[in-house]
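Below is a structure I'd like to ask you about.
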Amino acid sequence: MSSTTDNTTTDDDATDARPRELLQAANVKKHFPLNEGLIDRLLGDDRVVRAVDGVDLTVHAGETVGIVGESGSGKSTLGRTLSRLYEPTDGSVVFDGQHIETHSGRELRPIRRRIQYVFQDPMSALNPRKTVGQSVARPLEVHDIASGDEKWKRVADLFEEVGLGPSQLDAYPHELSGGQRQRVGLCRALVTEPDLVVFDEPVSALDVTLQAQILNLINRLQREFDLSYLLISHNLNVVRQVCDRIAVMYAGEIVERGATADIFENPQHPYTRSLLDAIPQIDGDGTRADRKGLDGEPPSATNPPSGCRFHPRCPEFIDGSCPGQKPSLQDVEGDAGHEAACHWLDRSEAERAAHTPPSTTEREVIRSESADD
Ligand code: ADP
Ligand code: MG
């Protein structure tokens, strides 16, 4: 792996206190056939959706890594591939020292216990005809962890841990509120005592007050149970509250990553800056300030733009380089473990000062040209 995030040392590391690498993904790709139909295949339509297109990522033990990006950037597909709900099209996934990218059937069983994926909609993971207590208890049987009284004791303890009462063990999913269901989802993920939990938009369906409660709970559970987290969200405020490091995804690729503070205080990729600009700000008088959103739509995942995939929407587009060459992730000077993939990182201050960014109209032209490719 070429990632400097994984090789950087700080003073603390001299004592070898560096946490171990729990999950390491290298050049992971997940492509889906665009058309599943036999006719299309027979007609030779073998186009693919490049949902995840060459991702390197490491999660250390005890760490929370965030993945952010607009809808459709490939976050869920990456999370599912790293959890081995999907088999990667290419690349390697090493979990606790073991290659798991081609594991199947029986080999995957211990992985299913040790890596838990919490779905965006907790209802989808719960059987509507079973009590939530039964749903949480089920993995204990499936994985031969506990049965009988021991099983129910574990489930009741977990319910208490996440702030659910014993009476809720016998409730059906539809009888619970959104926040309670999300707590049940957490119990179901934690009951197998996993090492890694992947959260997919864990609080998107909840109002802001509930979001804060659930995020606090997620933080507390991590310390109590010694967990590592991968947390997916389109909401930068959410990842800011819980993540140690953040990776920013655009069109199936990681375009910037680093410590949370560095991403927020020293963002280098124009896409990251656009996302930060788009965070709603509340003005002094309590009204929402105007958001400087992003121009244009996310690109086609079947036929992504050449060079830097963000170039058709980039406010800092450089003619020639940006559509011509794909920038690779490189170190951001001064920030340990901070990397960005942008041609501007190679340019001098003088070049930056002399650059005239394209106008809104010019950018529209760039976008329509790239769409014609
Ligand atoms: P995100 O979670 O960031 O919103 P997704 O991973 O859900 O992004 O989707 C990334 C891209 O892959 C999108 O273009 C989406 O339509 C496509 N995609 C996701 N899952 C599938 C699938 N099972 N089959 C085909 N295309 C898919
Ligand atoms: Mg998603």
Answer yes if the side chains of Ser321 and Arg347 hold a donor-acceptor pair under 3.5 Å, and no otherwise.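 Side-chain D/A pair, Ser321 to Arg347: present.
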
Student check: side-chain heavy atoms of Leu231 and Val239 closer than 4.5 Å: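 Result yes, sub-4.5 Å side-chain heavy-atom pair found.
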
Pair Gln222-Thr64, side-chain donor/acceptor within less than 3.5 Å: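 A pair is found: one side chain offers a donor N or O, the other an acceptor, under 3.5 Å apart.
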
More than 12 heavy atoms of other groups within 6.0 Å of Lys130 NZ: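 No, NZ of Lys130 has 12 or fewer neighbouring heavy atoms, counting only those of other groups under 6.0 Å.
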
Heavy-atom side-chain proximity of Thr302 to Val48 below 4.5 angstrom: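 Answer no - side chains too far apart.
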
With rounding to the nearest 0.5 Å, note down the distance linking CE in Met249 to NZ in Lys75.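 NZ of Lys75 is found 8.5 Å from CE of Met249.
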
Would you say Tyr271 and Glu70 are linked by a side-chain donor-acceptor pair, where the criterion is simply a distance under 3.5 Å?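 Yes, a side-chain donor-acceptor pair sits under 3.5 Å.
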
Is there a side chain to side chain donor-acceptor pair (under 3.5 Å) between Ser135 and Asn127? Walk through the geometry before answering. CA-CA 7 Å; Ser135 284; Asn127 185 332; over 6 Å; no

Within a radius of less than 6.0 Å around CD of Glu333, do more than 12 heavy atoms belonging to other residues, nucleotides or ligands occur?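 Result for CD/Glu333: open.
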
Assess, by modelled atom type and distance only, whether the side chains of Gln98 and His103 contain a donor and an acceptor separated by less than 3.5 Å.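 Yes - a donor-acceptor pair under 3.5 Å links their side chains.
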
For His31, which of Thr77, Thr89, Asp53 qualifies under side chain to side chain donor-acceptor pair (under 3.5 Å)?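 Of all the options given, the one that passes is Asp53.
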
Rounded at 0.5 Å granularity, tell me how far CZ in Arg138 sits from CG in Leu126.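 If I round to the nearest 0.5 Å, the distance is 13.5 Å.
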
Where do Gln134 and Arg129 land on the side chain to side chain donor-acceptor pair (under 3.5 Å) test, with the steps shown first? CA-CA 10 Å; Gln134 287 170 324; Arg129 285 183 299 277; over 6 Å; no

Count the heavy atoms belonging to other residues, nucleotides or ligands that lie under 6.0 Å from CZ of Arg273, then report whether that count exceeds 12.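 Enclosed: over 12 neighbouring heavy atoms sit under 6.0 Å from CZ of Arg273.
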
Set out, in order, the CA-CA distance, both residues' side-chain angles and the distance that settles side-chain contact (heavy atoms from CB on, under 4.5 Å) for His174 and Leu176, then state yes or no. CA-CA 5 Å; His174 72 267; Leu176 300 179; over 6 Å; no

Take Glu253 and Arg309, measure what side-chain contact (heavy atoms from CB on, under 4.5 Å) needs, and give me the verdict at the end. CA-CA 9 Å; Glu253 301 176 329; Arg309 292 184 178 179; 3.4 Å; yes

Using a 6.0 Å cut-off, check whether atom CD of Glu160 has over 12 heavy atoms from anything other than its own residue.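 No.
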
Ignoring hydrogens and angles, state whether a donor on the side chain of Tyr250 or Arg313 is under 3.5 Å from an acceptor on the partner side chain.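 Result is yes, a qualifying pair exists.
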
Looking only at heavy atoms, what is the nearest atom pair of Asp195 and Arg114, with distance?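 Result for this residue pair: OD2-NE, 2.6 Å.
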
Exercise: do Thr192 and Gln116 side chains pair donor with acceptor under 3.5 Å: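 Yes, because at least one side-chain N or O of Thr192 sits under 3.5 Å from a partner of the opposite role on Gln116.
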
Assess whether atom CG of Asp319 is packed by more than 12 heavy atoms of other residues, nucleotides or ligands within 6.0 Å.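 No, not enclosed.
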
Counting only heavy atoms not in Glu351 (residues, nucleotides, ligands), do more than 12 fall under 6.0 Å from its CD?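 Counting other residues, nucleotides and ligands, CD of Glu351 exceeds 12 neighbours.
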
If you count heavy atoms of other groups shown closer than 6.0 angstrom to CZ of Arg352, is the number above 12?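 Enclosed.
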
Starting from the C-alpha separation in whole Å, work towards a yes-or-no answer on side-chain contact (heavy atoms from CB on, under 4.5 Å) for Gln213 and Arg183. CA-CA 10 Å; Gln213 285 176 18; Arg183 288 171 203 267; 3.2 Å; yes

Modelled atom types, side-chain donor and acceptor of Glu201 and His234, under 3.5 Å: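 The answer is yes; a qualifying pair exists.
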
I'd like to check the salt bridge (charged side-chain N to carboxylate O under 4.0 Å, His left out) partners of Arg109; sequence neighbours left out, ordered by chain and number.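 Arg109 satisfies salt bridge (charged side-chain N to carboxylate O under 4.0 Å, His left out) with no residue once adjacent residues are dropped.
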
Say whether Glu256 and Thr272, considering side chains only, have a donor N or O and an acceptor N or O under 3.5 Å apart.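 Per modelled atom types, Glu256 and Thr272 side chains form a pair under 3.5 Å.
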
What do the steps show when you test Ile254 against Ile67 for side-chain contact (heavy atoms from CB on, under 4.5 Å), and what is the final call? CA-CA 9 Å; Ile254 289 176; Ile67 310 221; 5.8 Å; no

In terms of the angle between their ring planes, are Tyr229 and Phe199 parallel, tilted or perpendicular, with boundaries placed at 30° and 60°?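 Ring orientation of Tyr229 relative to Phe199: perpendicular.
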
Side-chain donor-acceptor pair present, Asn266, Asp335, cut-off under 3.5 Å: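 Yes, because at least one side-chain N or O of Asn266 sits under 3.5 Å from a partner of the opposite role on Asp335.
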
Nearest 0.5 angstrom please: Arg181 CZ to Glu175 CD, how far?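 CD of Glu175 is found 10.5 Å from CZ of Arg181.
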
Between Arg154 and Glu193, is there a side-chain N and carboxylate O pair less than 4.0 Å apart?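 Yes, Arg154 and Glu193 are salt-bridged.
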
May I ask you to check whether Tyr117 and Tyr86 place their ring centres under 6.0 Å from each other?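 No, they do not, as the ring centres are separated by 6.0 Å or more.
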
What's the spacing between Ser306 OG and Gln325 CD if we round to 0.5 Å?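 The distance works out to 10.5 Å.
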
Close side-chain approach of Leu190 to Leu158, heavy-atom, < 4.5 Å: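 They are in contact (side-chain heavy atoms under 4.5 Å apart), so the answer is yes.
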
Counting heavy atoms not belonging to Asp346, are there more than 12 under 6.0 Å from its CG?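 Yes.
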
When rounded to the nearest 0.5 angstrom, what is the spacing between CG in Asp56 and CD in Glu339?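 Result: 9.0 Å between the selected atoms.
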
Measuring centre to centre across the rings, with the benzene-like ring taken for any Trp, is His269 within less than 6.0 Å of Trp344?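 Aromatic pair excluded; centres sit 6.0 Å or further apart.
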
Side-chain donor-acceptor pair under 3.5 Å between Asp170 and Thr131, yes or no?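 No, Thr131 and Asp170 have no side-chain donor paired with an acceptor closer than 3.5 Å.
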
